[in-house]
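Each chain gets a letter, A, B and so on, in the order the sequences are listed, and its residues count up from 1.
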Amino acid sequence: MLNKNKWLDYLLNIDRRVVYVIIFLSVVLPFFLNPVVDIQPTKWVSAVYDEMEEAARTNKPIIIGFDYDPSTLAELDPMAKALLRHAFSRNIKVLGLNFIANGTSLAAMTMDDVAKEFGKEYGKDYVFLPFMPQYDLVLLNFGDNFRKSYTQDFRGQSLENIPMLSNLQNYDDFHMVIDISGTKLPTIYIMYGVTRYHFKFVTGCTAVSATEYFPYLQSGQMIGLITGMKGAAEYEGLVKAKLNLPTGDGMKGMASQTWGHIVIIIFIVIGNILYYVRRRMNMESK
Amino acid sequence: MSHDPWVWVAAFFTIAIFSYLWKENPLYRFAEHVLVGISVGYLVCIDWFNVLLPKLVEPIMNNGEYSLIIPGIMAALMLFRFSQKIGWISFWPLAFLIGFSGYAIPTVIETNMLTQIQATVNTPLTGGWFEIASGLLIIVGTLACLVYFYFSYPHKGVVGKTAQFGSMLLMISFGASFGFTVMARISLLIGRVLFLLRDWLGVVS
Amino acid sequence: MFFKKTVPFIFTLSVGVFSFFYYFMPHAFMQDLWDKASQWAIIIGGGAMFVGVISMVRAYYKRATNKSDPNRYFAVITIVCFLAMSLTGLITGIKPGGLFNDIFIGIMIPCEATMFSLLAFYIASAAFRSFRLKSFSAGLLLFSAIILMLAQIPTGENISPAIPWLKGWILDYPNVAAQRAILIGIAIGSVATALKIILGIDKSIYAGVGGK
Amino acid sequence: MKNLLRLMVILVVVSFAFNSYSVNTVEVTGKDSPNDKGEAIDIKWITDASLKTSATKVFVFRKAQGEAEYKQVKELDITAEYFNDKNELKNNIPYMYYLEFRSATGEVVYKTNEYGPYVSFPQWINTDKLPTFIFSLVAMIIILIFIRVAKSGRKLYVRPLPGVQAIEDAVGRATEMGKPMIYSPGISVISDIATLASISILSRVAEVVAEFGSRLIVPNYDPIVYSVTDEVVKGAYLKVGRPDAYKADDVYFLTQRQFAYASGISGLMAREKPAANFFLGYFMAESLILAEAGSMTGAIQIAGTDSISQIPFFIVACDYTLIGEELYAAATLMGEDTRLLGGLKGQDYVKLVAMILLIVLFVLKLFGVPGVDSILVGGN
């Protein structure tokens, strides 16, 4: 009896580094196994895909807000790339915005990388506007004319010399607005943009903040939601199935994601069982 | 293995930060302090090239928009915050900026309150009994959760039961958020592992 | 007293009242005033970013010059890195492809991204050692958490198609009700906060002046 | 609006009757964009089905009445049937419009007649925002009334919370056991309501601690918050008449780096083996590290935060968690901060108005009253 007790104590107080090694391996090993993961898209991700196709049909550009910094890069960059690949493959023009100073270069890089894959030209097929503080005011002014807040693009060119922008003024000229962020910015887009100018709005968020956005989906203030790396994988899956484009980092991570979740669930279950067995033993011995 | 020296630098810093899991050590401290310095330096440059140069300096120098000197001076006044004697001067520009929260009042009321109440009222109650019950759950559930956060009436009787129901819905929602958070944290680790294995070591494609 | 309290109060009050009414009054007169004010606000906001920078550099400078601090050399590293990064950017520019961008990719991304990836380890350790079914609430929470975690991976679908369905239902119905109530609560809270700031009832926003 | 539609239908029918040789007639209607600053005209048309196949683009041309030449103001996709013209348009000047439908090769497939004149003018009041205006006023008035009432010192009812009992029990148990307590006021700044609430609760906890001579450790994240918590704890000892028992080293500034703060407290817990931990205030990702380290020491843990995404971790790793506004309510019950009390009560009554509004509208909708589904945010 006592022995068993000791053993339980040992397990319950196991060195945290053992746990660390297990979770690390569960994420690393699947990369070498190359399993095929099949993912069903959720309805809110499919809604984004359909809306993008609609943009291609109406031949209108879209706005993507790249509002993430390196801390959420792993979750949001695959999503940004999947969306850009879809847009560029369907010849949709993209205007990039940024309100998170620490992520400015990331957004510029991501846009350039994907544009290169599809032979798209800066200034004609996509433009990136620079970082701006006071995002609420910038988003409000955008409804009238974005030139009120912006005088040049990220590369320092005057807006007048950029061919893509010549016919564009405000939200009306874009088919939809997508904001990719782990911060509160999607809510700001809804408050200062959607409430006043009623454009179609989609959020790509980190999984941490996902639950907060469902009321906006139900009320129609938001028409689609892509959540974290899994959401990116769903989108990549859709684009592959329908347009036969290669999948990206979102899909690549899904096998590791699977094992990570399973390990955590097992940890919670075993941890609780051990805890209760231990407690019962304590009560009995008393 | 990568031949790009910057990838090696990135790998070094990745491992340096991971070493913290073993225990706090000088390597981790080094990486942490480098990060603070570089990210603040980064901020300075982005702010200068994206905001101050095109919105303040160039319009004044090239287009002669001299009225912009006023906000320029106000921006400079912000920096008096660190002065013991005349720190109060920094209140002026700050007071100007926070005044804009006046716009937030109707915005918040319309976006997060009226639109949400309207959407709750408009919840479609059509289809089979299950769809109708689910729709009713949104309406009754929203009310129940609001009752839970209502502090001017004791939680007794019907009100107490309603609040209890609300708290159950809150727990279910928090559980979903919990599950999502687990997913998010693992994704972040996957991102770094993918960098180490693919971009640095090149052992996976 | 007049310059310290009354002037800022008048600033906040007038901008606050004006921007409140701007929401309901679209006339060009209001719009032009708003355009001017918001242009100024963006510039002042750009200047405000330097406040954070200076406060950080001051704190690290203090540590670096404090001879009794055993970690003072780390603070020196921070200041050197700050200067190096600022100078690189100001001299070479911030366009992709330059040295500035290389440092961003080579140092800033891996440090920050790895820092947050540590949370995966912490959550695993906490899952094993401290997430307990201590109460009915915690049980309900963990149940819905496990459903969600399973539904997010193909395993859930393989166990039963009911798992992804249940996840969708939880998110679209109970979750909407709960989050909506929270949203409404936060909305009312922020109205109260904004109101108190504009009317000068709450002055804590000015705390910390003088570098203390 | 209805009349306008009727007129349009009649116009279309009439034009069909007279121009039977041209199936492609496209009628253009225009009017001043409503509820705006002016300088905008709404142009609407219905594209004939046959044009949708033959043309790919619509070009909008405009001239001010009296001007000789039309100018192109917009190029649109063929699917568009609405254009909000804000293109360097001036108020109070009559404008004429016509449209051109062009094929992919740029050939003009169809050209409409000239329409107009349309005049744009500004509106002082946005009538669509009336419900928002009324509700904003109601909310602000209720909040202001309660701030006043609370300041006057009148007692206001706040329902008893189990969380308050939990905090008091935890303090009591720690005192009995003669072990220390650790109190973290969160990682936010002093202007945050969560921090204020935490400090208010701290004032009560510190009083009990001072009275019974137990030990309370308060590691701080923010230097300004530190100076306040220090005052509060010192004040509590003074209040019970034992200023000499106050140990200045137990309330201290730890660090302002998130993870370093968490590991600092984790180390402290491992060393001191506290009987109770309090995490009350605003927390971010470090909540997990704190709650885990604390639960490993076997201490009673009470958490409370308004940071929604961290609440789940506290619930599963702590013995009691104050969720969101419960933190503020507990603070008003335990401390004497009238600012918090006024705010809480004011918000409570606005919430009550919201609940009543929700119920009334829902009942009206059940009875089939028309217009209920767009009464609050109907017009755009």
Side-chain angles (χ1 to χ4, degrees), chain B residues 6 9-10 13-14 17 29 33-38 40-41 44-45 47 49 51-52 56 71 74-75 78 82 84 87-88 91 93 95-96 99-106 108 112-113 116 134 137-138 141-142 145-146 149 169-176 178-179 183 185-186 188-189 192, chain C residues 4 8 11-12 15-16 19-20 23 40 43-44 46-49 51 53 56 74 77-78 81-82 85-86 89 94 102 106-108 110-111 114-117 119-121 123 137 140-141 144-145 148-149 152 173-178 180-181 183-185 187 190-191 194 197-198 209-211:
Chain B
W6 280 112
V9 172
F13 279 103
T14 304
I17 304 257
R29 291 216 143 180
H33 282 82
V34 167
L35 172 63
V36 175
I38 293 210
V40 177
V44 168
C45 296
D47 194 27
F49 283 107
V51 187
L52 294 180
L56 180 66
M74 283 172 82
M78 286 288 255
F82 302 103
Q84 302 273 1
W88 53 268
F91 292 173
F96 179 75
F100 281 92
S101 50
Y103 192 85
I105 293 176
V108 159
N112 289 348
M113 208 159 154
Q116 296 302 324
S134 299
L137 183 66
I138 291 190
T142 305
C145 294
L146 281 171
F149 289 118
L169 292 181
L170 283 168
M171 288 308 145
I172 292 175
S173 170
F174 289 145
F178 181 107
M183 171 172 139
R185 302 307 186 218
I186 290 178
L188 297 182
L189 177 59
R192 290 330 288 160
Chain C
K4 278 186 195 175
F11 273 13
T12 313
V15 178
S19 55
F20 177 79
Y23 192 85
W40 284 20
I43 294 171
I44 299 173
M49 287 177 74
V51 175
V53 172
M56 180 293 266
F74 285 112
I77 291 174
T78 302
C81 287
F82 161 70
M85 189 67 173
S86 314
I94 55 170
D102 283 339
I107 301 177
M108 224 175 116
C111 280
T114 313
M115 198 78 94
F116 281 86
S117 76
L119 289 167
F121 296 98
I123 218 166
S137 305
L140 203 58
L141 194 153
S144 125
L148 194 116
M149 280 190 261
Q152 291 295 75
Y173 295 99
N175 176 54
V176 165
R180 183 165 280 159
L183 209 58
I184 293 175
S190 49
V191 168
I197 288 174
I198 293 169
V209 168

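Closest non-hydrogen pair, B:Ala176 versus C:Ser144, comes out as N-OG, 3.1 Å. Taking every heavy atom of both residues into account, B:Phe49 and C:Gly89 meet most closely at CE1-O, 3.3 Å.
When heavy atoms are compared at a cutoff of 4.5 Å, B:Ile17 approaches chain C by way of both its backbone and its side chain. Contacts between B:Arg192 and chain C at a heavy-atom distance below 4.5 Å involve the side chain alone, from C-beta outward. For C:Ser137, the parts lying under 4.5 angstrom from a heavy atom of chain B are both the backbone and the side chain. Contact annotation for C:Ile43: both backbone and side-chain heavy atoms come within less than 4.5 Å of a heavy atom of chain B. Using a 4.5 Å cut-off between heavy atoms, B:Phe149 touches chain C through its side chain atoms alone. With a threshold of 4.5 angstrom between heavy atoms, C:Phe121 approaches chain B through side-chain atoms but not through N, CA, C or O. Only the side chain of C:Met56 has a heavy atom closer than 4.5 Å to any heavy atom of chain B. Of the atoms belonging to B:Val108, heavy atoms from both backbone and side chain fall under 4.5 Å from chain C. Contacts of C:Ile184 with chain B are made by both backbone and side-chain atoms, with heavy-atom separations under 4.5 Å. Residue B:Ala104: no heavy atom, backbone or side chain, is found under 4.5 Å from chain C.
Counting heavy-atom pairs under 4.5 Å between each of B:Ile172, B:Ile38, B:Val36, B:Ile186 and chain C puts B:Ile38 at the top. Chosen from B:Asn112, B:Val44, B:Leu56, the residue pairing most often with chain C at heavy-atom distances under 4.5 Å is B:Asn112. The residue among B:Leu169, B:Leu170, B:Val40, B:Val51 with the most heavy atom pairs within less than 4.5 Å of chain C is B:Val40. Among the candidates B:Ser101, B:Cys145, B:Pro106, B:Gly179, the residue making the largest number of heavy-atom pairs closer than 4.5 Å to chain C is B:Pro106.
Aromatic ring orientation, B:Phe96 versus C:Trp40: tilted (interplanar angle from 30° to 60°).
In this structure, the separation between CD1 on C:Ile197 and CD1 on B:Ile105 is 9.5 Å, given to the nearest 0.5 Å. Distance check, rounded to the nearest 0.5 Å: CZ of B:Phe178 to CD1 of C:Ile123 gives 6.0 Å. Atom-to-atom distance recorded for B:Leu52:CG and C:Met49:CE is 9.0 Å, nearest 0.5 angstrom. One distance of note links CG of B:Leu188 with CZ of C:Phe116; it measures 8.5 Å at 0.5 Å rounding. Note that CZ of B:Arg185 is 4.5 Å distant from CG of C:Leu119, once rounded to the nearest 0.5 Å. To the nearest 0.5 angstrom, C:Ile44 atom CD1 is 4.0 Å from B:Met74 atom CE.
In this structure, B:Ser173 contributes its side chain and C:Ala178 its backbone to no donor-acceptor pair below 3.5 Å. Distance alone, capped at 3.5 Å, is enough to place a donor-acceptor pair between the C:Thr78 side chain and the B:His33 backbone. Not a single donor-acceptor pair under 3.5 Å links the side chain of C:Ser117 to the backbone N or O of B:Leu189.
Partners of B:Ser134 according to the side-chain hydrogen bond (donor to acceptor under 3.5 Å, both in side chains) rule, which considers only residues two or more places apart in sequence or in another chain, are C:Trp169.
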